[in-house]
Amino acid sequence: MSPIQSASGIVSITSAKRLTASDSHRFPDAVPELSVVVPLYCEESNVDHLFERLETVVDELGVTYEIVCVDDGSKDSTLMRLISHHHRNPAIKVVALARNFGKELALTAGLDHSQGQAVVPIDADLQDPPECIRELMEKWREGYDVVYAKRNTRSGETWLKTFSANGFYRVIGRMSQVTIPHDTGDFRLMDRRVVEALKQLPERTRFMKGLFAWVGHRQTFITYNRAPRHSGRTKWNYWKLWNFALDGIVSFSSTPLRVWSYLGLIISVISFIYASFLVIRTLILGIDLPGYASLMVAILFLGGIQLVSLGIIGEYLGRVYEEVKQRPLYLVREFYGGPAE
Ligand code: UDP
Ligand code: MG
């Protein structure tokens, strides 16, 4: 191997060649420095404002960029608006999914279609201020692979949502092996190598916060104030959030499955002691029939416990079923901005 080859090999391994804007002018086909990935579902009232702010920020940064928008089967004019923005500015690329697949999968589709050296997923409702991208890029240039944005405040969110979110982070923090940082969403900057690592995770239940944490790499964070939605309504309700939390816990911990063997053991020991007591008492005092109440309580208690444990096994089994079906994660109906255009 010549010295030049080995030198370039080392560069690509250790500091993963980061292209600058001037490089891209020299090589017009070179990959952009920054990819911003935006999942959108029925966000027609936010699209124009989003690009206004996002483009101002990236223009000021002076980097080469692409904005990969994923239309997650919107029922309103979101897709139409996105396409007209794509015609205005070809750096805006549009992935139109075949139907609504949910935010996590829309985000996955966006990451798969992004090419940039640094990738930033951002919400379309401007709750994550695009202005923070400057600070994220600065940290990335210092050499970090993942710079996540941690929320200082959750303005515009009810105390119940804040309270339940805190509870969720506490539970999952106890149960899972990987540490999922508190109060972070998907808003973060990832180096290309982290995105490539994420792409290697094939699971269908995509709890992105957990997957981001699982891939590791050199991580740091910045803090920001989460703004209220610019307009429109959140797509989440408490039932969806509950299921999202279940997905998170079940995908990242097998503790709920293992609890039952211990619980079963404890109940068996208690039952054995009680049974011994009953036998001895009957031997000493003779036959004693009453006991309807205690019998009912024991049957109902054990029945309840068994149903809960079955339900929990079901949660895991259902997810195993989803995985073995091996369906694609999402289907793309159209892509505006590919190399053919
Ligand atoms: N989103 C999506 N598919 C969905 C639901 C939401 O792509 O099925 C997008 C949505 O357009 C927004 C982002 O995910 O850009 C965050 O959604 P939302 O603001 O409703 O969530 P919240 O901020 O309340 O957590
Ligand atoms: Mg939002």
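Order of appearance sets the numbers: ligands from 1, and atoms from 1 within every ligand. In what follows, residues are counted from 1 in the order of the sequence shown.
The ligand atoms of ligand 1 that sit less than 4.0 angstrom from a heavy atom of Gln127 are 19 (O), 22 (P), 23 (O). Of all atoms in ligand 1, listed by their number and element, those nearer than 4.0 Å to a heavy atom of Asp123 are 13 (C), 15 (O), 16 (C), 23 (O). Close approach to Pro39 involves these atoms of ligand 1, each under 4.0 Å from a residue heavy atom: 7 (O), 9 (C), 10 (C), 11 (O), 12 (C), 15 (O). The Asn100 neighbourhood of ligand 1 comprises atoms 3 (N), 4 (C), 8 (O), with distances under 4.0 Å to a heavy atom of that residue.
The option from Asp72, Ile122, Asp128, Leu40 that lies nearest to atom 3 (N) of ligand 1, judged by heavy atoms, is Asp72.
Only side-chain heavy atoms of Glu43 come within less than 4.0 Å of ligand 1; its backbone N, CA, C and O stay farther off. For Val70, no heavy-atom contact with ligand 1 is shorter than 4.0 Å.
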Audit row: Tyr330, Asp112, side-chain hydrogen bond (donor to acceptor under 3.5 Å, both in side chains) steps and yes/no: CA-CA 11 Å; Tyr330 54 84; Asp112 289 348; 2.6 Å; yes
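At least one donor-acceptor pair under 3.5 Å links the side chain of Asp72 to the backbone N or O of Gly102.
Nearest heavy atom pair, residue Ala109 against residue Val70, reads CB-CG1, 4.2 Å. Across all their heavy atoms, Ala96 and Leu79 have their closest contact at CB-CD1, 3.8 Å.
An N or O contact shorter than 3.5 Å links Ala124 to ligand 1 by distance.
With a 4.5 Å cut-off on side-chain heavy atoms, Met137 and Glu142 do not count as touching. Residues Asp71 and Val95 fail the side-chain proximity criterion, which asks for heavy atoms closer than 4.5 Å.
Looking only at atom types and distance, the side chain of Asp59 has no donor-acceptor partner in the side chain of Thr56 under 3.5 Å away.
Within Asp125, OD2 is the N, O or S atom that lies nearest to the Mg ion (ligand 2).
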